[in-house]
Amino acid sequence: MTEAEFQEFLITVGYRYNKKSKTAFNTFEGFHTMICFKDKEKRYSVTLDAGVNDRKKLREMLSSYSSENKGYVLKASYSRKKLIEITVKMTVDSETDREHLKQLSHFMTELYKSGVIFPVCRVCGRNRKTGIYVIGTELTPVCDNCITRKRRIYEKRVDSFEKKTQNMPGGIFGALYGGCFGASVYVLLYQFLPSWGIFAALIAIGAYGGFVVTGNRATRKSAVICFILSVLIFAAAEYAALVAAMSVLIEREGGGIAVTEAMQATNASLGDMGYLGGILIELGIGIAAMAVIGIVYFMKRVYTRPLKISKNIL
């Protein structure tokens, strides 16, 4: 079933559709059922926030529904978060999916009328009158007290974010300091553990962390700058680690501590294509490890941003 077919069908059985969240929803005596269209996962995901008057009876109803429709019901459960969750398999036949969703709609109506459950707010879990709000990209039933609190927190965070100015010179200094600290740890670990460049992630962590601490505010531009600095620092750290390893080898052979000789020997070794090839692989792995840290950084920015809150869409 396509998204358009999903939307069109559920409207015929009393649901409304929110395109941003790809979720159909209906309201019955305070209950808000959400049916999310998950085309990538080939699933229809159903959620209903509810408290329980008779837990045993609810489990029996969910188990019975799941057993009777085991061909397409993948999950029917009640979690500690006071959330009824039902997952229905999406098929290639739109008419079959319509029939499955129609049966699901009838079952949800039976639940509402059973007296086994009662509607609750998703945030506080209390039996209060709730509206439906789009928080981020998710439909959420929330009571007036909780949505007021959430709006206040959102406005405070946005205000704080907008007033925060970036200190680019300070951030770059912090990134260099943090990156160099990570590089010193990398050189030390290189002497004891065969890391194949993976420990270069410590340099990126130091650079990103240092920029955030001294630059006050991180942006996409600062992320690119931190990555470039990390790569340059890593190249220097790799060379320093090779020289240190060579110096240790010379010292063990009775040559004493001779940094200059170690540098000369390292430079000569880099002329060997076999040796150089191994170093280039190590550098590639290290840069990839730092790129992963950069991706994690971006994900953190996305998931820690304050989520926008819509008006009540009921």
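Note that these values count all heavy atoms, side chains included, but never hydrogens, waters or copies made by symmetry. By convention here, the first residue in the shown sequence is residue 1.
- Partner M34 forms a side chain to side chain contact (heavy atoms under 4.5 Å, CB included) with one of L139, V46, N26, L48 and no other, that one being L139.
- If you take CD1 on I205 and SG on C226, they are separated by 13.0 Å, rounding to the nearest 0.5 Å.
- With ring centers used as reference points, Y186 lies under 6.0 Å from F234.
- No side-chain donor from either of T23 and N18 sits under 3.5 Å from a side-chain acceptor of the other.
- Residue R151 qualifies as enclosed at atom CZ: its count of foreign heavy atoms under 6.0 Å is above 12.
- F25 and Y17 have their aromatic ring centers separated by at least 6.0 angstrom.
- Atom CZ of F107 and atom OG1 of T33 lie 10.5 Å apart (nearest 0.5 Å).
- Separating the CD1 atom in I35 from the CZ atom in F9 is a distance of 8.5 Å, to the nearest 0.5 Å.
- In E60, the CD atom is crowded: over 12 heavy atoms of neighbouring residues, nucleotides or ligands sit closer than 6.0 Å.
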- Message: Between E5 and S94, is the side chain to side chain donor-acceptor pair (under 3.5 Å) condition met? List the steps.
- Response: CA-CA 8 Å; E5 291 174 328; S94 297; 2.9 Å; yes
- Item | Derivation of the side-chain contact (heavy atoms from CB on, under 4.5 Å) call for L62 and Y65 | CA-CA 5 Å; L62 291 173; Y65 171 72; 5.8 Å; no
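- We find that R122 and E138 are joined by a salt bridge, their nearest charged nitrogen and carboxylate oxygen being less than 4.0 Å apart.
- Residues I279 and I233 share a single hydrophobic cluster, defined by chaining ILVMFWY side chains whose heavy atoms lie under 4.5 Å apart.
- Annotation: R59, atom CZ; neighbour count of heavy atoms from other residues, nucleotides and ligands within 6.0 Å does not exceed 12.
- Among all heavy-atom pairs drawn from P141 and H32, the shortest one is CB-CD2, 3.6 Å.
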- Query: salt bridge (Lys or Arg N to Asp or Glu O under 4.0 Å) between D97 and K89: does it pass, once the steps are laid out?
  - Reply: CA-CA 8 Å; D97 283 3; K89 181 168 62 176; over 6 Å; no
- Task: Kindly indicate, with the supporting measurements, whether the criterion ring-ring contact (aromatic ring centres under 6.0 Å, His included) is fulfilled by F173 and F211.
- Result: CA-CA 7 Å; F173 174 79; F211 192 99; over 10 Å; no
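- For F181, the CZ atom sits in a loose shell: 12 or fewer heavy atoms of surrounding residues, nucleotides or ligands are nearer than 6.0 Å.
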- Query: Going through the checks in order, is the side-chain contact (heavy atoms from CB on, under 4.5 Å) test met by L283 and V231?
  - Reply: CA-CA 9 Å; L283 287 171; V231 171; over 6 Å; no
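- Under the 3.5 Å distance criterion, with hydrogens and angles disregarded, no donor-acceptor pair is assigned to the side chains of T96 and Y72.
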- Task: Start with the C-alpha distance between V116 and L111, add both sets of side-chain angles, then the distance that settles side-chain contact (heavy atoms from CB on, under 4.5 Å), and finish with yes or no.
- Result: CA-CA 7 Å; V116 173; L111 274 179; 5.7 Å; no
- From CA spacing to verdict: side chain to side chain donor-acceptor pair (under 3.5 Å), E8, T12: CA-CA 7 Å; E8 182 180 350; T12 66; over 6 Å; no
- F199 and Y190: CA distance, side-chain angles, deciding distance, side-chain contact (heavy atoms from CB on, under 4.5 Å) verdict: CA-CA 8 Å; F199 289 139; Y190 192 95; over 6 Å; no
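- In this structure, Y133 and N312 approach most closely via the heavy-atom pair CE2-N, 3.4 Å.
- Remark: D144 does not engage R128 in a salt bridge, criterion side-chain N to carboxylate O under 4.0 Å.
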